[in-house]
Structures are given as structure tokens and as C-alpha cells.
4 protein chains.
Amino acid sequence: MIKIDYRDPRPIYEQVVDGIEELALRGALPADTQIPSVRQLAMELSINPNTIQRAYGELERRGVIYAAKGRGNFISDNMTVLRERRLEEIGAQIGALAAQARTLGADEDRLRGWLQKKGVDGA
Amino acid sequence: MIKIDYRDPRPIYEQVVDGIEELALRGALPADTQIPSVRQLAMELSINPNTIQRAYGELERRGVIYAAKGRGNFISDNMTVLRERRLEEIGAQIGALAAQARTLGADEDRLRGWLQKKGVDGA
Amino acid sequence: MIKIDYRDPRPIYEQVVDGIEELALRGALPADTQIPSVRQLAMELSINPNTIQRAYGELERRGVIYAAKGRGNFISDNMTVLRERRLEEIGAQIGALAAQARTLGADEDRLRGWLQKKGVDGA
Amino acid sequence: MIKIDYRDPRPIYEQVVDGIEELALRGALPADTQIPSVRQLAMELSINPNTIQRAYGELERRGVIYAAKGRGNFISDNMTVLRERRLEEIGAQIGALAAQARTLGADEDRLRGWLQKKGVDGA
DNA sequence: GTGGTCTAGACCACG
DNA sequence: GTGGTCTAGACCACT
């Protein structure tokens with residue numbers, strides 16, 4: 001389902017959160033899809049169940065998944081809203097970076113060029 | 001000189017580093033300008049001198065300033081190189097964010113629009 | 001694991017950095033090997049944990065180790081690159097010393113002889 | 001006579017010591033040559049006289065110069081011995097570096113090649 | 001338990 | 001006065 005990288009400086013629970021959120025945001029996991037149970041995912045990833053528990057808690061808080069007691073965890077059905085929210089967030093970040101670049105002397109052409117550039121890693 | 005925001009999740013020493021680096025990168029502090037002494041800046045910001053010391057150490061490692069025992073800390077004269085390096089970095093980040101936005105369905109017009117948007121905070 | 005020499009003019013944290021870096025460079029500590037925790041090594045060497053923390057921070061910055069909160073510190077897997085970089089550095093130092101020796105009148109035979117000599121301490 | 005570089009991490013008095021010692025070692029300043037007075041050199045270099053005083057003290061301790069009270073400071077006449085001592089020192093350093101390089105896998109050819117290489121800075 | 005940040009206070013070397 | 005190192009002890013986040 002997802003991969004965790006122990007060299008990644010991000011805490012493990014955050015890698016889990018980001019991984020599942022991304023799958024949900026880009027539609028790879030449709031609404032009401034059941035995701036692995038805490039124990040099962042913990043086994044798969046060889047991780048402490050507490051860590052998965054924490055990740056699922058955060059995902060629920062964000063509205064990405066919902067928990068049905070005794071039945072499991074499922075992808076939320078309002079991903080469209082969350083996706084739009086995420087896009088706004090990305091937009092704000094790009095805007096801030098662009099402003100900073102201008103301060104350092106980058107011109108508009110260079111900025112536009114970056115939109116096509118494939119970055120090394122995410123921000 | 002700079003401000004510390006205690007609600008900012010970044011550690012204090014990092015806020016100091018970023019603050020001074022930005023001033024140097026955009027030329028507000030010319031080469032060989034002396035910056036406040038460790039103790040003085042610690043007083044101004046009501047921060048422990050060790051924290052400032054750590055920030056200055058990091059700035060020296062990055063080549064933003066150079067230190068001379070008994071004399072003080074000064075802005076480096078290779079800010080042009082560092083500025084270009086920073087721009088490359090920003091470019092990569094924008095590229096990554098743009099790619100992610102496309103995955104979520106944003107079209108080119110929207111991406112270009114973000115370049116003008118003023119973001120809430122940096123990334 | 002390593003030893004501290006209080007008569008060594010180098011600061012303690014630097015001795016720790018050099019000691020561990022050397023072990024990693026010559027392959028005595030393979031990639032992904034876990035190294036002693038900050039507190040544990042501090043106990044072993046009878047040194048303040050903050051000093052070890054600083055050394056580990058420097059090692060991480062150099063790419064010799066990577067740290068994961070709550071799990072520990074581990075040897076990086078790019079030691080091959082770092083080893084080559086270190087060799088280049090040694091080469092430059094030897095070149096500079098050789099040039100200086102020539103200025104003082106040493107001939108080529110003498111220089112070549114030094115390559116076999118076992119020095120008292122490092123440079 | 002000599003130059004001091006404020007960006008150099010070495011303390012100023014050490015730059016003065018090294019500078020004069022080098023001139024004496026390679027014969028640029030013959031035996032019994034008078035060197036500038038403390039005050040005069042301090043003026044020339046725009047440096048605190050105390051700093052020059054300290055440098056001269058160190059040079060005298062090393063046997064590079066001798067002070068004649070009321071008459072000034074002069075280059076020692078045993079530079080031949082000091083030069084030989086310095087060469088031994090360089091030899092030991094090269095030997096140590098070579099040994100370290102071998103540990104990291106450098107072969108003899110590479111080591112010999114470094115003797116010709118011009119290093120970026122001194123060691 | 002782990003690493004990471006911060007404070008407080010001391011001591012040293014340099015100018 | 002300056003920067004730099006070290007100790008002691010506290011608190012936080014992560015597993």
C-alpha cells in the first residue's frame with residue numbers, strides 16, 4: 001500500500017499519514033474504500049501498532065478517513081473538498097516561493113520555466 | 001534586526017538563521033558588515049546566548065557569515081553564489097509543487113496564476 | 001567504541017566526530033549500523049550528553065550518519081562517496097605540504113621517502 | 001612585509017608568526033636582518049600592538065628571532081636547523097596522511113601522484 | 001527508551 | 001569586549 005523510508009527525517013506516523021492522504025487525494029482510493037486495519041498495516045510495515053494508530057487518528061482528524069467502530073476504517077467521501085483545499089495550499093506555497101524568488105532577482109520568465117521543471121523531491 | 005515568533009513551529013535558532021540569511025541574500029547586509037555579537041543579539045531577543053551561538057555556527061557553516069574570535073561575526077562576500085544556489089532550490093521546490101498540483105487536476109492557467117498570488121507564509 | 005584524549009587540543013565533540021567518521025570511512029561500521037545512543041555514549045565516555053549530541057549533529061550534517069527521532073542514529077549508506085571525497089582532500093593536503101617542502105629545499109627522493117614514513121600524529 | 005587576512009580563521013597573531021617564520025625559513029630574510037619594531041608593524045597592519053607583541057614573543061620562543069633590548073628584533077642565525085626541523089615535521093605529516101590514505105584504499109601510484117599536485121591551501 | 005531544543009552558568013582564547 | 005566549548009538540568013516529540 002505505502003512505503004516507509006527509515007532514512008526519511010519525517011517521523012514514521014507522518015509518512016503513513018502523507019502516503020494514505022496522497023492516495024486518497026488523487027483518487028487512487030475511492031470513497032468508502034476500506035483501508036487496512038491498524039494491526040494489519042502495522043504487520044505489513046513492521047511498525048509498532050501505536051504508530052499506525054496515531055496516523056489513523058490524524059487522518060480522521062483531517063477528514064481523510066472515517067472510523068466505523070468494530071468494522072474498520074474507510075476513505076471519506078468528501079475528498080473533492082479536501083483536494084481543492086490542498087490545491088489552495090499548494091497555490092499559497094508557490095505564491096510565497098515566487099515572491100521570495102523575485103526578491104532575490106528572478107524574472108518572470110525564469111519563474112514560469114520552473115513550473116515545468118521536475119523537482120528532486122517534494123516540498 | 002530580526003524577530004522571533006514563539007508560535008512558529010521552527011526552533012528559535014532556525015528562525016535566527018533564516019532571518020539573517022534572508023537579509024544577507026537580498027543584499028540588505030553588504031559583505032563584511034559586522035552583525036550583532038552573540039551576547040548582544042541574545043539580549044535584544046531575550047534569548048539565551050547559546051541559542052544565538054548555535055545559529056551563528058550554522059550561518060558560518062553555510063558560508064553566510066565568517067567569525068573571528070575576539071572580533072565578531074561578519075557577512076561573507078560570496079552571497080552572489082549563495083543567492084543563485086537558493087534560487088535553484090526555490091525552482092526545484094516550485095517544480096515539485098507544480099507537478100503535485102497537476103496530479104490533483106490543476107490546469108496550466110491555474111498554475112500560472114499562483115505565481116502572482118501572495119502566499120500567507122513560506123514553505 | 002572510541003577514545004577521548006583530554007590532552008588533545010581538539011575539542012571533545014570534534015574528537016568524537018573524527019573517531020566515528022573514521023570508523024565509518026574505513027568500513028568498520030557498515031551502512032545502517034546503529035551507533036550508540038546519545039545518552040549511552042555520553043555515559044561510556046563520561047561526557048555530557050549535549051556534547052555527544054553536538055557531535056552527532058555534525059556527523060549527520062556531513063552525511064556520515066542519519067538520525068531518526070525515537071529510534072536512534074545509523075551509519076549512512078553513501079560512505080563510498082564520502083571516502084572518495086576524503087581521499088581528494090588528503091591528496092590536496094599532501095600536495096600543499098610537498099610544495100612547501102620543495103620551497104624549503106627538499107628534493108624528490110626525500111619527498112618519496114616520506115610517503116613510507118610512519119608519522120607521529122595526523123595533520 | 002606580510003599580509004593578514006581577516007577572513008582567515010587563524011588568530012591574527014598566528015598569521016603574523018607564520019608569515020615571518022616562513023620568510024625566515026625560505027631565506028627571504030637572512031640572519032641578523034632587523035625586522036620592523038612592534039609599533040611600526042602594528043601601524044602598517046592596522047593592528048593592536050599587543051597582538052604584534054604576542055607574535056614576536058612566540059617567534060622568539062621558537063628561536064626564529066632574537067630581541068636586543070633597546071635595539072630591536074633580528075632574524076636568528078640558526079635558521080638552517082629550524083628549516084631542517086620543519087622539514088622533519090612536514091615529513092611526519094605527509095607520512096601520516098599517506099598512511100591514512102592507504103587505509104582508505106589508495107594505491108602507491110595515486111600517492112606518488114599527489115606529490116606533484118598543487119593543493120588549494122596549506123595544511 | 002530515543003533524538004532535539006533551550007536555559008543557565010562556567011571557563012578559555014583572542015584583541 | 002569578542003567567539004567557542006563544556007556541563008547540568010529541563011522539557012518536548014517520537015516509538
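Proteins get letters first, then strands, A, B, ... in listed order; numbering begins at 1 in each.
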Test side chain to side chain contact (heavy atoms under 4.5 Å, CB included) applied to D:Met79 and D:Leu82, step by step: CA-CA 5 Å; D:Met79 293 314 297; D:Leu82 294 180; 3.8 Å; yes

Test: A:Arg61 and A:Glu58 ion pair at under 4.0 Å: yes

Per the 3.5 Å Watson-Crick/G-U criterion and a run length of at least three, the stems involving DNA chain E are E:1-14 with F:1-14

Strand contacts (DNA chain F) in residues 52-70 of chain C, 4.0 angstrom heavy-atom criterion: C:Arg54, C:Lys69, C:Gly70

Which of these passes side-chain contact (heavy atoms from CB on, under 4.5 Å) with B:Leu45: B:Thr51, B:Ile12, B:Ile2? B:Ile2

Does F:dG3 have OP1 or OP2 under 4.0 Å away from a side-chain N or O of B:Asn73? yes

Within residues 36-51 of chain D, the residues having a heavy atom closer than 4.0 Å to DNA chain F are none

A:Glu88 with A:Arg85: basic N within carboxylate O range, under 4.0 Å: no

Closest non-hydrogen atom pair, C:Ala55 against C:Val16: CB-CG1, 3.6 Å

Using 0.5 Å steps for rounding, measure from the CG atom of B:Leu104 to the CZ atom of A:Arg26. 9.0 Å

Tell me the salt bridge (charged side-chain N to carboxylate O under 4.0 Å, His left out) pairs involving residues 41-53 of chain B, sequence neighbours left out? none

If you measure from the Lys or Arg side-chain nitrogens to the Asp or Glu carboxylate oxygens, is any gap between C:Arg10 and C:Asp5 under 4.0 Å? no

Flag for B:Tyr66-D:Asp8: side-chain donor and acceptor within less than 3.5 Å: no

Which pairs pass ring-ring contact (aromatic ring centres under 6.0 Å, His included) with one or both residues in residues 14-61 of chain B, sequence neighbours excluded? none

Looking only at heavy atoms, what is the nearest atom pair of C:Met1 and C:Leu23, with distance? O-CD1, 4.0 Å

Heavy-atom side-chain contact between D:Asp18 and D:Glu22 under 4.5 Å: no

When you measure from every atom of DNA chain F, which of residues 7-16 of chain B have a heavy atom less than 4.0 Å away? none

